[in-house]
Asks: 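The structure that follows is given in the form of structure tokens.
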Amino acid sequence: MRTKTLLGKSILWIFLLVFAFVTLIPVVITILGSFKTNSELTTGATFLPSLWKFSNYREAWEQANFSTYTLNSLIVALTTVVGTLLVASMAAYVVERMTFFGKKLYVGMQAFTMFVAVGAVVLRPQFDLMVKLNLHSSLWGVILILISAHASIFFILFSFMKGIPRELDEAARIDGCSPGRTFWRIILPLLGPGLGVGALFTFRGAWNEYLLPLVFTMTKPELQTLTVGLANLKYGISAASQTHYMMAGACLSILPILVAYIFANKSFMQMTAGSLKG
Amino acid sequence: MNKTKNAVFSYSFLFPSAILTLVLGIYPIAWAFRYMFYNYKGYGEARFTGLDNFSRVLHDSQFWDSVVNTFVYAGGKLLLSIPLSLLLAAILNRGLRGRHLLRAVFFMPTVISTAVMAVVFFTIFNSYNGILNQFLIKFNLTSSGIDWLGPKHAMLTVILVAVWGAVGNYMLLFLAGLQNIPEDVYESSALDGANKVQQFRYITLPMLGPVMQMVIMLAIITALKGYESIMVMTEGGPAGKTEVMFLYLYKLFFPVGGNGASAQVQEFGYGSAVAFVSALIVGIISLVYFYASKRMNRTD
């Protein structure tokens, strides 16, 4: 009996460790590969770099435009986070606290945009619209479209809003505080945890977004984000000689979010698990 | 008086959200809904052609090939990722040392970019000079390398990459469901002499029913919709072997993507019709699954 459980446990652990290895190895390959020479990457079959070539990062940063891509990714992600949280929290506040005509219609509309899957077709009218508004030659077009897709953050903040006692609104009202001031001074600070989780999720989505910036910046390399610039390396004429840039560029995209994940993995996971009950 | 003031305030706070959703979320769908009845290529005049686009969809063998590919892709992804994630969740749910760390490790792929990882997986699976083949040759497991992204294996490769990205997510959802099953059910069944496998079969699975139904539903929709990683890795090739429904649709709207893709021409009107049919296919499959799986939900 003892040996049987021991055997079972060993099999269990081998399975877990093999799967953990498979999960981690692509990322490990990327990180280690970002320090290798191109020829070592394409023919070397080595695990560790034979010579740590830190200059890959400098070259990718300076010659392969990754400084521009990183800056663009940061601008898109941070602006989208701020915009999304602002727009969604304001809407969540009035929908949760106030009564007004058309509330059900608004909530239905948000749910609709979350569940209808029509794929790339929407990118076309979105792009034409931004051309008309003259927002296609900057990153604002991309940012506005990313902010417009805030339905899930709206529902998340809505459920957090429910947890803030209404007595606080009442007390503020009696003290002569307008609903607007109540929102900025009382509700928003108390919404902190919800905003934090929402920020994490929005940042992940905007930072990792590929198709939208791809379509908007096809002919404008100076506006491309990390995901677009990196994928374009793969299609370039000199792709075969730039595998080391691909790895360094991939690290630039992966590492910030990975660091955030290491510190906040509980929030990331809590949110995913929470969406089940919501 | 107070009531109107309140309403004005409410609408002013709702305005940014509502206008953004209407203009950038609803209008594009309405746009597609209109142009699916038109012959419109993005330039020149849009000509109303009634249901012509739909009869063309019916006879578009390239589209139906992509539908078949979508089913193979989604089916493969589901068959691998659902049992695997359920197994991992069941293991990590019980008091195992290091389970928090393992949980975080398995969930990690879901936080990084699909497109970026697709580039990485391309350099790993690349048939010529790919990292995986380098090692296979080095250890004499194959003499000339396996054509991972070639016509024979490309579909399997994109499925494996998709599974890599999905398992952690479903594992976490299953874990959340498992934690709702009260511990004493297991304890009393253990007293009655039930072993781990029996507990899993007769307690865990039935009590997980509602969660399972939701996770599989989510997995079906995500798998049918997915194309980003395929687009970066294979562009639907070789010879359309990995071209899925929504990738075909993408190419109708953006034929000369950053991906130097096919020689297709842009077809906004026809593309809108394809989008409608694709959305319909996803919708019908979800509904069929929903009714077929109601049985799972009956346990509580």
Asks: Report the option among Gly168(B), Ala104(B), Ala275(B), Ser272(B) that has the most heavy-atom pairs separated by less than 4.5 Å from atoms of chain A.
Replies: Ala104(B)
Asks: Ile29(A) versus chain B, heavy atoms under 4.5 Å apart: side chain, backbone, both or neither?
Replies: side chain
Asks: Need one label for Met117(B): side chain, backbone, both or neither, based on atoms under 4.5 Å from any heavy atom in chain A.
Replies: side chain
Asks: Does any backbone or side-chain atom of Ile112(B) lie under 4.5 Å from a heavy atom of chain A? Answer side chain, backbone, both or neither.
Replies: both
Asks: Can Glu209(A) and Thr225(A) be counted as having a side-chain donor-acceptor contact under 3.5 angstrom?
Replies: no
Asks: Checking heavy atoms, do the side chain of Ile145(A), its backbone, both or neither come under 4.5 Å from chain B?
Replies: both
Asks: With a 4.5 angstrom heavy-atom cut-off, is it the side chain or the backbone of Leu84(B) that approaches chain A, or both, or neither?
Replies: side chain
Asks: Side chain from CB out, backbone as N, CA, C, O: work out which of these in Val94(A) comes under 4.5 Å of a heavy atom of chain B, or both, or neither.
Replies: side chain
Asks: Go through the atoms of Thr43(A) and report whether side chain, backbone, both or neither lie under 4.5 Å from a heavy atom of chain B.
Replies: both
Asks: For Phe107(B), is it the side chain, the backbone, both or neither that has a heavy atom under 4.5 Å from a heavy atom of chain A?
Replies: both
Asks: Tell me if the centroids of the rings in Phe174(B) and Tyr170(B) come within less than 6.0 Å of each other.
Replies: no
Asks: Please classify the contact between Arg204(A) and chain B as side chain, backbone, both or neither, with a heavy-atom cut-off of under 4.5 Å.
Replies: side chain
Asks: Could you tell me which portion of Met233(B) (side chain, backbone, both or neither) has an atom closer than 4.5 angstrom to a non-hydrogen atom of chain A?
Replies: backbone
Asks: Heavy-atom pairs under 4.5 Å with chain B - which of Phe154(A), Phe201(A), Phe101(A) has more of them than the others?
Replies: Phe101(A)
Asks: Quick check on the interface: out of Leu226(A), Leu16(A), Val228(A), Thr84(A), who has the most heavy-atom pairs with chain B under 4.5 Å?
Replies: Leu16(A)
Asks: At a 4.5 Å cut-off on heavy atoms, which part of Tyr35(B) comes close to chain A: side chain, backbone, both, or neither?
Replies: neither
